[in-house]
Amino acid sequence: MTPSDTRPARIDAQHWGWRHAGRAAWAVAGLDLHIEPGERVLLLGASGSGKSTLLHGLAGVLGGDEEGESTGALLIDGAPAAAARGRAGLVLQDPDSQVILARVGDDVAFGCENLGVPREQIWPRVHDALAAVGLEVPLDRPTKALSGGQKQRLALAGAVAMRPGLLLLDEPTANLDPAGVGEVVDAVKSVVDATGATLVVVEHRVEAWLGLVDRVIVLGGAEGGTTVMADGSPEAVLGRMGERLAAAGVWVPGFGPRHPSAPLVTDGERLLHADDLSIARVRRGRGVSDAAFAANIVASDIELRVRAGSVLAVTGPNGAGKSTLGLTLAGLIPPAAGAVHADPVLGQGLGADPMRWKSRELLTRIGTVFQDPEHQLLASTVRGELEIGPRALGLDEATMNARIEPLLERLRLDRLARANPYTLSGGEKRRLTVAAALATAPRMLVLDEPTFGQDSRTWAELVALLAELRDEGTGIVVVTHDDDVVRALHAERFVLGGAR
C-alpha cells in the first residue's frame, strides 16, 4: 500500500488473538470480525475486553515477536495490518502523549515525513488537515499553548494528513471537558464526511458518538475467546439489548450505575487549606526568567479547604490548571505564590508545608494519583506495584498482604497480579494506580481523573470504594471532568476558570 491510497479500508479479523509477552492471559483471543469499507463503527465492551488491543493491532503498533504472540489473521484490505503502512491513522486518549514536536505545523507534518511523502505534497496536506479538523491556528503556534481539545484535534490532523483509509480512535475524549468533547466529535464528523474513511472509535461513554456512527459492535470475553456480544445499528444494539449490555459493564444511556449514599459527616475537621494561592506549571529557578515564570502562572487567588470525610471536586475547562492545582495540594510542586498549609491533624508534627515533607512521610498523609498512569508505574508486576508503598513504610508481610489482597480483588486486578503493569489496558492501569495510592492508607487523597477508561461496573466499584474511604474520614480531592463522579460522591465543587 502507498501513503496516497485513500480508499476506505476493509477490516477482517479471522480467529485473531494477541497476548503480551510474559502474560498468561490473551488480551484478544479467537476474534472473528468484518467491517466493510466506509462503515462508522462504535466499538464497546467492558474494561479489559480487548478493544484497545484490536485498534493497536490494526494500526500496526503492537510490536513484533519479542513483544507478544499472535494467532490467526488481522487484515486490512486482505493484507496483514502490520504491513499496511499508512492505511490506518490512530488517535489515542491522552492529548499530551501524542504531541511530538514544538510547533503545530511540524507536528502535523511528522507522520507524512515518516511515510516518505514527497516534500512538495506535505505542506498542502498539513493545511488541508488543519482545515478539516477546524484547528485554525498559525503553523508556528507552540503546541504547548493549545488546550486539551485543540491538542486532540491536532493529533487528529496528524492522522488525517497521512490520508488513511481507516481512522482509529481510542477513547479520544476521555480527558476532555464537554466543550473539548464537542470539538473532537465535530472534527471527526467533518473528516469522515469529507474522506469517506472507515471509522472505528472506542469509547465508554457513547452519547456523543451516536449521531455519527452507523454500527455498534460490543466485544466480550477474552480468556476462553473474544466474542462479539452484539452487532448492529445503534438503535438495535443499545435499544433492544440495553439491560443485558449494562449488566456486562457497557455504558448504555438510561442504564447508569447506582450512586452511593450521602456522606456520614458534613463538616469534618480541616486537613489542609490553601490561602491566596497561585499555581504555575514551571518552577521559579535558574534559567527561568521572571517574565517566563509569570507567563506560566495558570490560576491565582485560590482559597480552598480539604476536610476529613468529604470530597472536593476540582472541575473546569482543559488548560485551566486543574492537574497543576492537584499536584500543588499534594506537596509535589511548589506554589507560585501564596501557600498550601497542612493542618496539625494531617501533618502530625512535620510542619505545615507538605513540600518540605520527605516522600516516605507523604505516603501515609497524602496519596496522589497522576492523570497519566504510566507516569507513576515502577514495578515489573501488578502486585509489586502495590507493594512499593507498604515496603517503604516497613510493614511486615502479613500486614502488607492484608492491605493488598482486598484491593486486588475489589478493583478486579487479582487475575492480573503477576502481569507487567505496562501490558494492562488504560482502565486497568488507572485502577492499579488508585490501588497503589490506597495501599499506604493515607489520610488524604488527590486523584486526577480516577475514573477514566472504566466500564460501568468498574466505575461503580471505584466510586463505591472512594465513598467508603470518605465515610471512614479520608479527605479526598478529585480532579475530574466526570460530572457523574461529582454527583455520586456528593462532592463540593471547586471550579477553576481559564480561557480555552
Side-chain angles (χ1 to χ4, degrees), residues 1 5 7-21 23 25-65 67-92 159 164-172 192 197-204 206 209 213-234 236-237 241 245 248-250 423 425-427 455:
M1 299 294 174
D5 186 357
R7 295 170 299 124
R10 173 186 171 88
I11 297 170
D12 293 284
Q14 299 172 357
H15 214 63
W16 181 72
W18 171 266
R19 175 167 60 188
H20 292 281
R23 282 282 296 273
W26 289 80
V28 176
L31 176 64
D32 289 299
L33 179 66
H34 307 282
I35 296 175
E36 295 297 328
E39 286 193 301
R40 304 175 179 185
V41 176
L42 178 61
L43 187 64
L44 304 178
S47 178
S49 60
K51 305 180 300 296
S52 293
T53 300
L54 175 59
L55 260 60
H56 289 193
L58 289 168
V61 296
L62 279 178
D65 293 341
E67 295 187 42
E69 173 187 0
S70 65
T71 62
L74 186 63
L75 308 174
I76 297 178
D77 299 327
R85 188 168 180 257
R87 285 293 280 148
L90 175 64
V91 178
L92 304 173
L166 172 61
L167 190 59
L168 305 167
L169 310 179
D170 192 0
E171 296 197 60
V192 295
T198 306
L199 171 69
V200 182
V201 55
V202 168
E203 280 282 8
H204 279 293
V206 307
W209 298 95
V213 300
D214 50 37
R215 182 178 175 188
V216 173
I217 299 173
V218 184
L219 298 186
E223 288 287 348
T226 302
T227 61
V228 176
M229 291 180 58
D231 185 357
S233 69
V237 172
M241 301 182 63
L245 295 176
V250 177
T423 67
S425 71
D455 62 42

Kindly indicate whether the side chain of His20, heavy atoms from C-beta on, has any atom under 4.5 Å from the side chain of Glu67.
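No, their side chains stay 4.5 Å or more apart.
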
Hey, are the side chains of Val250 and Met229 touching, using non-hydrogen atoms and a 4.5 Å cut-off?
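No, their side chains stay 4.5 Å or more apart.
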
Where is the tightest heavy-atom contact between [X] and [Y], given as atom of each residue plus distance?
X: Asp455; Y: Gly249; answer: CB-O, 2.9 Å
X: Pro37; Y: Pro8; answer: CB-O, 3.5 Å
X: Asp170; Y: Ser52; answer: OD2-OG, 2.8 Å
X: Glu203; Y: Trp209; answer: CG-NE1, 3.1 Å
X: Ala13; Y: Leu74; answer: CB-CD1, 3.9 Å
X: Ala84; Y: Ile76; answer: CB-CB, 4.3 Å

Taking NE2 in His34 as the centre, count heavy atoms belonging to other residues, nucleotides or ligands within less than 6.0 Å. Is the count above 12?
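Yes, because the 6.0 Å sphere around NE2 of His34 holds more than 12 heavy atoms from other groups.
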
Is a donor on one side and an acceptor on the other found under 3.5 Å between the side chain of [X] and the backbone of [Y]?
X: Asp77; Y: Ala9; answer: no
X: Thr226; Y: Ala29; answer: yes
X: Lys51; Y: Val218; answer: no
X: Arg87; Y: Arg7; answer: yes

Could you tell me the separation between the CG atom of Asp32 and the OG1 atom of Thr227, rounded to the nearest 0.5 Å?
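Between Asp32 CG and Thr227 OG1, I get 11.0 Å after rounding to 0.5 Å.
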
What's the spacing between Arg215 CZ and Leu43 CG if we round to 0.5 Å?
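The CG atom of Leu43 is 10.0 Å from CZ of Arg215, to the nearest 0.5 Å.
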
Passes side chain to side chain contact (heavy atoms under 4.5 Å, CB included), Thr198 versus Arg10? Steps please.
CA-CA 8 Å; Thr198 306; Arg10 173 186 171 88; over 6 Å; no

Let me see the working for Leu33 and Ile11 under side chain to side chain contact (heavy atoms under 4.5 Å, CB included), right down to the final yes or no.
CA-CA 8 Å; Leu33 179 66; Ile11 297 170; 5.5 Å; no

Only counting residues at least two apart or in another chain, list the ones meeting side chain to side chain donor-acceptor pair (under 3.5 Å) with Thr423.
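Arg23.
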
Give every donor-acceptor pair under 3.5 Å between a side-chain atom in residues 53-63 and any protein atom, sequence neighbours left out.
none

Take Leu31 and Val228, measure what side chain to side chain contact (heavy atoms under 4.5 Å, CB included) needs, and give me the verdict at the end.
CA-CA 8 Å; Leu31 176 64; Val228 176; 4.1 Å; yes

